[in-house]
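Chain A is the first sequence line, chain B the second, and so forth, proteins listed ahead of strands; every chain is numbered from 1.
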There are 2 protein chains.
Amino acid sequence: MPLAPVQETCAGCPIRHRAVCAHCEPQELERLERIKSYADIAAGAPIFFAGEPMRHVASVVSGAAILSRTLEDGRRQINGLMLPSDFIGRPWRETIPFDVTAASPVRLCRFERIAFEKILGDTPHVSERLLSMTLDDLDAARDWAVVLGRMAARERISAFLLILARRLGRTDRHDPSRVTFSLPLTREAIADLLGLTLETASRQMSALRRDGVIETEGRSTVIVPDLARLQEEAQDDDDGTGLT
Amino acid sequence: MPLAPVQETCAGCPIRHRAVCAHCEPQELERLERIKSYADIAAGAPIFFAGEPMRHVASVVSGAAILSRTLEDGRRQINGLMLPSDFIGRPWRETIPFDVTAASPVRLCRFERIAFEKILGDTPHVSERLLSMTLDDLDAARDWAVVLGRMAARERISAFLLILARRLGRTDRHDPSRVTFSLPLTREAIADLLGLTLETASRQMSALRRDGVIETEGRSTVIVPDLARLQEEAQDDDDGTGLT
DNA sequence: CGCCCCATTGAGAGTAATCAACACCAGTGG
DNA sequence: CCACTGGTGTTGATTACTCTCAATGGGGCG
C-alpha cells in the first residue's frame, strides 16, 4: 500500500468548509484532528476492495477516486466519482460494496472508523453534516440514473463534462462563461462511468470538439468556451446556482 | 389531494421494526406518534412535485411509490422505487428534486417536516437510523447504475424482478425456491425504471416466460419457480442472505 | 356489455457495440 | 540523440440490439 503520511493542519485545508467537518466548532474539530491521518495514493492504485474490512473512512482532499463494480464477465461500471470534499466510507459497517480506486493521484484525510463512529455519536455537528452530505449524494446518485437510463451518448458525455466544469473548472478572468479543467479519468474510465464503450466515448468527445462545444489541449485539458452551450447539450435546465 | 386520515397505532404497524422508527425506545416512539398522520393515496396520484415546498416526510406503510424526473422532451426516468418501510423526504430541505407518485395504492405514515427535524436533533436512535437507511439507499442507488449502465434488456428485467421477489415475494410452503409476488408497476413504469421502452420491457418479460424463468397470472402476478435461475439471469452473485 | 387502457407482437430503422487498424505520447534504453 | 515499446486515444467498417412506428389482443371497470 503506497500510503505516505503527511504533516498538515486543518487550518489551511482546502476542503475545510465543504467536507464532513464543515460545521464543526473548534473543540469538535480538535477531536477529529486527533484521529485523522493523511494518505497519498498513486494514480491507479487501489484504496479499498469491495467486501474487505474497512478500517478507515476518509475525505478526498485532492485528486479523484472512483467507486466501481465489475461483473463476472468483466463488464465494469463506475458507480461514483469522488472529488475533493467527498466522503468515502460507511460508518456502522465493516465493508463497502464497491472497489475504491485512485483515478488520479489522491490525497485522503482519513479517520479510523471506530473512533469516527464514536464522534458521530456525540457531536451532532458532524453527524448532521454527514447525514446532509449523504442525502445530497443520494440525490446525485439518483440523478445519475437519468444519464444512464435515458440519455444518448453525446448527452452523457456532455453531462459528465458539465459536472466536471462545475466542480473543477477555473473560470477565465475575461470571460466568465469560459471554463477550463483537467480530466481526471482516462477514456476507458469515462466510458465505464457513462455506460458506454471507450470507442463511443472517444468518438463523442471528438464530435463535441468538431462542433465547437469543447476545445482540448493535450490528453487531459478541456476548455469549455461557452458553458451555456454545454448545458444545452447536456439537457440541463438548472443554472447551477442552486444548492449549497 | 386525496388524503384520507386513518386511525391506527404503531403497535400493530407492519413496518414498525424496519422503518425509520425501528430502533426507537417507547418514549421516543411516543414523540413520533404524536406528530404522525396516515395518508392513503390512490394509484397514479401525485404525492409530491419536484421543487415544490414539502411539508411532510413519510414512511411507506404499504403499496409502492416512485421517484421520477422527466426531461423537457418527455423522456422519463424513474429514479427510485419506494416500497414498504422506505423513507420519503429530505430533512433540512424545503423540496425534493423528484416527482413522487403513487404507483399502486399507497399508505403513508407522515411526519410534519419541521417537527421531525426537531426530533432528529435530540433522539439519536432516530437520526442514526435515518443515516443508516440513507447510506443503504445510497449503496442501492449506486448499485442501480450497474443495471442501467452495463446490463442488457433481459438482464435488467431479471434484476428488477429479483429485487421485487426478495422484497415482496411470498415463499411457497412446499418449495422454498418458488416465490410469488404482485407487480406494482405497469409495463411503462417498468420501462422507465429500467431505461428501456415499454415494448422492449414487454418483449423481455415474454421471453423470460417462454424460457420458464417466470410464470404469470393475470396482469400483475409473477411466479418465480426457481429463484436461483432468476439470479443467474440477473448476473447476481449475492445469495441475498447478507445485510441487515 | 362495451369501451378504454394496458399489454403483446411484428417489421423496419438507427444508435452504439464490436472488431480492427493506426496514431500519439511518455518513458526507457541502446 | 533517437529508436523502441507499451499504454492510451482516434478513427473506420460492420454487426447487433434496442428503439420506433404500427396493428392487434385482452382484461377490468363503468
Visitor: Using modelled atom types and a 3.5 Å cut-off, is there a donor and acceptor pairing between side-chain atoms of B:Arg156 and backbone atoms of B:Leu194?
Guide: yes
Visitor: How far does CG of B:Asp137 sit from CZ of A:Arg142, to the nearest 0.5 angstrom?
Guide: 5.5 Å
Visitor: Is B:Arg90 close to A:Asp139 at the side-chain level, that is, under 4.5 Å between some pair of heavy atoms?
Guide: yes
Visitor: Got a sec? Which of residues 179-188 of chain A come in under 4.0 Å of DNA chain C, heavy atoms?
Guide: none
Visitor: The helix from C:dC1-D:dG30 to C:dG30-D:dC1: angle between its terminal axes, five pairs each, to 10°?
Guide: 30°
Visitor: Nearest 0.5 Å, please: how far is OG1 in B:Thr216 from CD1 in B:Ile223?
Guide: 7.5 Å
Visitor: Indicate yes or no: at least one non-hydrogen side-chain atom of A:Thr180 is less than 4.5 angstrom from one of A:Asp172.
Guide: no
Visitor: Give me the residues of residues 143-159 of chain B where at least one heavy atom lies under 4.0 Å from an atom of DNA chain D, by number, or none.
Guide: B:Ala152, B:Ala153
Visitor: Taking the side chain as everything from C-beta on, heavy atoms only, tell me whether B:Arg110 gets closer than 4.5 Å to B:Ile47.
Guide: no
Visitor: Check every nucleotide of DNA chain C for an atom under 4.0 Å from a heavy-atom of chain B, then give the first and the last such nucleotide from 5' to 3'.
Guide: C:dC6 to C:dA11
Visitor: Within this structure, what is the CZ-OG1 distance for the pair B:Arg203 and B:Thr200, rounded to the nearest 0.5 Å?
Guide: 6.0 Å
Visitor: Compare every heavy atom of A:Ile190 with every heavy atom of A:Ala201, then report the nearest pair and how far apart it is.
Guide: CB-CG2, 4.5 Å
Visitor: Could you check which residues of residues 194-206 of chain B get a heavy atom under 4.0 Å from DNA chain C? Sort them by number, please.
Guide: B:Leu198, B:Glu199, B:Ser202, B:Arg203, B:Ser206
Visitor: Find the distance between CG (B:Leu148) and CG (B:Leu196) and round it off to the nearest 0.5 Å.
Guide: 8.5 Å
Visitor: Measure the CZ-OG1 distance between B:Arg219 and B:Thr186 for me, rounded to the nearest 0.5 Å.
Guide: 10.5 Å
Visitor: Rounded off to whole Å, could you give me the CZ-to-P distance for the B:Arg75 and D:dT20 pair?
Guide: 9 Å
Visitor: Determine whether more than 12 heavy atoms belonging to other residues, nucleotides or ligands lie under 6.0 Å from atom CZ of A:Arg167.
Guide: yes
Visitor: Sorted by first residue and then second, give each salt bridge (charged side-chain N to carboxylate O under 4.0 Å, His left out) pair with at least one member in residues 58-82 of chain A; sequence neighbours left out.
Guide: A:Arg69-B:Asp143, A:Asp73-A:Arg75, A:Arg75-B:Glu155, A:Arg76-A:Asp192
Visitor: Atom NE2 of B:His56 and atom SG of B:Cys109: how far apart are they, to the nearest 0.5 Å?
Guide: 10.5 Å
Visitor: Are any of the side-chain heavy atoms of A:Asn79 and A:Trp144 separated by less than 4.5 Å?
Guide: no
Visitor: Could you tell me whether A:Arg18 and A:Asp86 make a salt bridge, using a distance below 4.0 angstrom between a side-chain N and a carboxylate O?
Guide: no
